[in-house]
Chemist: 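Here it is, the structure in full.
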Amino acid sequence: MLELGLAQPWALKFDISGEQRTSAELFIQNTIAIGNRCIHFDPLNMPWKLMNDDHPSWRLRLLGLKWLVPSVDAILEGNCHFDIDLLKKNIEIAVMSWIKWNDHDGSGDSDHWNGHTAALRTTTLVGLSTLFQDEWLVNSIRLHASWLNAPDNWNGTWNHGLMQAIALCGAALRLQDSNFLTTAIDRINLCLTEMIDSQGCINEQAPGYAPFIISLIDYIEKIVLLNNLGAVIPLDKIKASLAEFTAHATDPSGYIIQIGDTFRTPPNSVPASPLEYVCSNGVDGYAPVDLVKIYERGFIFGRSTWDMSSSNKRRSYYSIRFGPQRIIHGHNDHMSVTIYDYDRHFVVDSGHNGYLDDGYRAHLRSVEAHNVLTVQGAKHDWSAETSLVQSNSQKDFQYFQLRDEAYPETQRIRSIGVGPHSPTIIVDSLIKKNSIPAIANQLWHLDKGLSVVNASAGILKVKTRDDKYDFYILSYGVDDLGSKYLPNISLNIGSLNPHNGWQSTADGDNSSSISASFRATGNPIRIISAAFAVPCDSPIGHSLKHEADKWVFRINTPDGYWAWDIHSSGIIGQRSNPL
């Protein structure tokens, strides 16, 4: 038995995946259940070696050893219906099996020493030291702490790096190692300073990671309180700003908007915050002040109301992406929009299906999987920055203009005009610096619950599964001389060569959906489009006319009449609004 510091009971629970289903009953029967996969094992010959069919997320959980936690809990909480000594012995055999494999047979598999896996496994071992204080376990904890402490092994200021720092902190406190503790606290401070900006926006480029980071801050708060570390940084202020960002990134149906590596999942509540308001459907917490929020790191979120009551069936919401180059969990989605109306999704991000490196994931991260203007045959530069060059947010109408050079020698300009319950107007301009004409494709990805009613040059009409609503996309190609034409449209639904027409909302989910492309040719190119929903079979009217130095776009729906001035610069001005 060795002398250890204060036990760290939080360490066993340091995992927010919800993937650990290996109960003590299963474990005692030599079965490991992780996610949807169960395997039987020989305690003396554990399946540590990487196999070709191993899903990376499954293997992360296997090597993180968190599947041992329910068995450990059963012993610590006195809920074990088995021979406790036998269960402890099986746990010991399993962990020692990993240690032996790592020492002798694991050199050919590199994934058991990546930042995420090492952080999970370190906290598992720290938690296990509540049951075992033997030299073999303490030595393994010290090995992991030394590995985490090495500067070359630290993943830096994003969620993996923060997890590593928290794990190192737990190991340092259990080992009573002040050098390890200093490194851990310094890295925690640096992470929270750089990962979350003054607006509460995360650097992961995927809103779905905001609740994850909030949960990591919760662990830091527990560690500070348990170990009397003092207030190293203003955790309450950081968590409050992050909770507000997450509230703005949550659509009216209560799910985080799918941008980057984000599943369609609801966030977790934070007490006395806008996120509690969202999670409680407006019962608790408080609503944010702004209906439209622009985040400098590249997100715009807008909605018609913060009324969360189920009786409000006409809530609308949109998102727009811009900002610095793609990093971490971001996708090639600059200039992409999403549209939500009548309490349902219409224009969506193609989503996220997990971390299996296959054709689906490659497509979901690509520029072709987003609602943007692409240049056919040209290489997209994912490192290009997209600037928000103009914005004007009023109660009934918001206008934004984005610019970048994400294609060689080519400027993209996208102007977006949107308001509560009104059509979304998008003006795309493409200007090549040489005289060679380009082929541009304006892409739209629609929710998998929609089906095609009509697709012809310049128009796409789809309907919802319950036949309650139609959704239109109207598109015109124009020039400054007053000429206009209807761009040809092509559709893809569940195509595999190449991948196109897919939507993913959960790990392993690849559902066919409508991908539409309006094509225009020239140099320069300008496409004017409108997207809107109406009750099913409603009559609509629309026109686009050239007047003096601008185009005037008019749309009639059962909600009323709208008109917009569209100038040669792409600026959109709303002439009339029936609301």
Side-chain angles (χ1 to χ4, degrees), residues 195-210 245-246 248-249 251 256-262 290-303 317-340 347-352 364-375 380-393 397-407 410-419 424-431 440 442-445 526-527 529 531 569-572:
M195 288 170 61
I196 306 158
D197 68 12
S198 60
Q199 292 183 295
C201 185
I202 60 175
N203 67 345
E204 307 266 344
Q205 297 186 351
Y209 273 81
F245 166 79
T246 310
H248 279 287
D251 67 43
I256 300 173
I257 189 69
Q258 284 200 270
I259 297 174
D261 288 341
T262 297
D290 300 313
L291 291 174
V292 179
K293 189 73 172 181
I294 302 173
Y295 287 95
E296 294 176 359
R297 278 183 165 169
F299 299 92
I300 302 172
F301 304 119
R303 67 186 68 224
Y317 179 85
Y318 64 88
S319 71
I320 302 171
R321 275 285 285 134
F322 67 100
Q325 71 174 56
R326 176 176 67 80
I327 59 171
I328 311 177
H329 288 291
H331 290 182
N332 294 322
D333 57 7
H334 284 186
M335 296 194 178
S336 188
V337 301
T338 67
I339 301 173
Y340 178 105
V347 178
V348 297
D349 185 285
S350 293
H352 173 50
L364 293 173
R365 299 174 75 191
S366 72
V367 65
E368 288 80 13
H370 299 91
N371 307 302
V372 298
L373 189 73
T374 64
V375 182
H380 177 261
D381 179 7
W382 60 265
S383 68
E385 178 176 354
T386 300
S387 300
L388 174 63
V389 294
Q390 293 188 50
S391 67
N392 184 8
S393 295
F397 182 70
Q398 294 97 52
Y399 166 73
F400 310 97
Q401 188 173 95
L402 312 172
R403 294 187 185 185
D404 67 19
E405 290 192 9
Y407 289 94
T410 302
Q411 184 178 61
R412 282 193 312 178
I413 304 172
R414 168 163 281 194
S415 299
I416 304 163
V418 64
T424 297
I425 305 300
I426 292 181
V427 181
D428 278 328
S429 300
L430 192 74
I431 305 169
Q442 188 187 69
L443 306 181
W444 298 84
H445 298 270
R526 185 177 302 158
I527 302 174
S529 299
S569 62
I571 292 176
I572 304 169

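Below, all heavy atoms of this structure are taken into account, side chains as well, without hydrogens, waters or symmetry copies.
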Chemist: Has His248 got a side-chain atom pairing as donor or acceptor with Ile294's backbone, closer than 3.5 angstrom?
Modeler: no
Chemist: I want to check something: taking the side chain as every heavy atom from C-beta on, are Trp382 and Arg365 in contact at a cut-off of under 4.5 Å?
Modeler: no
Chemist: Testing the basics here: between Pro207 and Ala249, what is the closest heavy-atom pair and its distance to 0.1 Å?
Modeler: CB-CB, 3.8 Å
Chemist: Measuring from atom OH of Tyr317 to atom CG of Asp251, what distance do you get when rounded to the nearest 0.5 angstrom?
Modeler: 6.5 Å
Chemist: In Å and rounded to the nearest 0.5 Å, what is the CD1 to CZ distance from Ile413 to Arg403?
Modeler: 4.5 Å
Chemist: So do the side chains of Tyr318 and Ile300 get within less than 4.5 Å of each other, counting heavy atoms only?
Modeler: yes
Chemist: Looking only at non-hydrogen atoms, find the nearest pair between Thr262 and Gln258 and report the distance.
Modeler: O-NE2, 2.7 Å
Chemist: In this structure, which one of Arg412, Gln442, Arg526 forms a side chain to side chain donor-acceptor pair (under 3.5 Å) with Asp428?
Modeler: Gln442
Chemist: Can you confirm whether Thr410 sits close enough to Leu430 that some side-chain heavy atom of one is under 4.5 Å from a side-chain heavy atom of the other?
Modeler: yes
Chemist: Are any side-chain N or O atoms of Gln205 and backbone N or O atoms of Gln325, one a donor and one an acceptor, separated by less than 3.5 Å?
Modeler: yes
Chemist: Please give me the minimum heavy-atom distance between Ile202 and Phe245, naming the atom from each residue.
Modeler: CG1-CE2, 4.1 Å
Chemist: Is there side-chain contact between Tyr407 and Thr374, with heavy atoms separated by less than 4.5 Å?
Modeler: yes
Chemist: At their closest point, which heavy atom of Ala406 faces which heavy atom of Ala384, and how far apart are they?
Modeler: CA-CB, 3.8 Å
Chemist: Working to the nearest 0.5 Å, report the span between CD1 of Ile572 and CD of Gln398.
Modeler: 12.0 Å
Chemist: With a 4.5 Å limit on heavy-atom distance, are the side chains of Ile320 and Leu402 in contact?
Modeler: yes
Chemist: Determine whether the aromatic ring centres of Phe301 and Phe299 lie less than 6.0 Å apart.
Modeler: yes
Chemist: Any heavy-atom pair between the side chains of Val292 and Phe400 that's under 4.5 Å?
Modeler: yes
Chemist: Evaluate the side-chain hydrogen bond (donor to acceptor under 3.5 Å, both in side chains) criterion for residues His331 and Asp261: first the C-alpha distance (whole Å), next the side-chain angles of each, then the deciding distance (0.1 Å), finally the verdict.
Modeler: CA-CA 7 Å; His331 290 182; Asp261 288 341; 2.7 Å; yes
Chemist: Rounded to the nearest 0.5 Å, how far does NE2 of His380 lie from CD of Glu368?
Modeler: 8.5 Å
Chemist: Quick one: does any side-chain atom of His334 pair with a main-chain N or O of Pro324 as donor and acceptor, under 3.5 Å?
Modeler: yes
Chemist: Would a 4.5 Å heavy-atom cut-off, applied to side chains only, mark Val372 and Asp333 as touching?
Modeler: no
Chemist: Measuring from atom CD of Glu296 to atom CZ of Phe322, what distance do you get when rounded to the nearest 0.5 angstrom?
Modeler: 8.0 Å
Chemist: I'd like to know whether His352 forms a side chain to side chain contact (heavy atoms under 4.5 Å, CB included) with Leu364, so could you lay out the CA-CA distance, the side-chain angles of the two residues, the decisive distance to 0.1 Å, and finally the verdict.
Modeler: CA-CA 6 Å; His352 173 50; Leu364 293 173; 5.6 Å; no
Chemist: Any sub-3.5 Å donor-acceptor pair from Asn371's side-chain atoms to Val337's backbone N or O?
Modeler: yes
Chemist: Using every non-hydrogen atom in the two residues, find where Asp349 and Gly260 come nearest and quote the distance to one decimal.
Modeler: OD2-N, 4.5 Å
Chemist: In a check of side chain to side chain donor-acceptor pair (under 3.5 Å) between Gln401 and each of Ser415, Ser569, Ser429, which one passes?
Modeler: Ser415
Chemist: Would Met335 and Thr386 count as a side chain to side chain contact (heavy atoms under 4.5 Å, CB included) here? Give the steps.
Modeler: CA-CA 8 Å; Met335 296 194 178; Thr386 300; 4.0 Å; yes
Chemist: About how many Å separate CD1 of Ile259 and NE2 of His329, when rounded to the nearest 0.5 Å?
Modeler: 15.0 Å
Chemist: Under 3.5 Å, is there a donor-acceptor pair between the His370 and Ser336 side chains?
Modeler: no
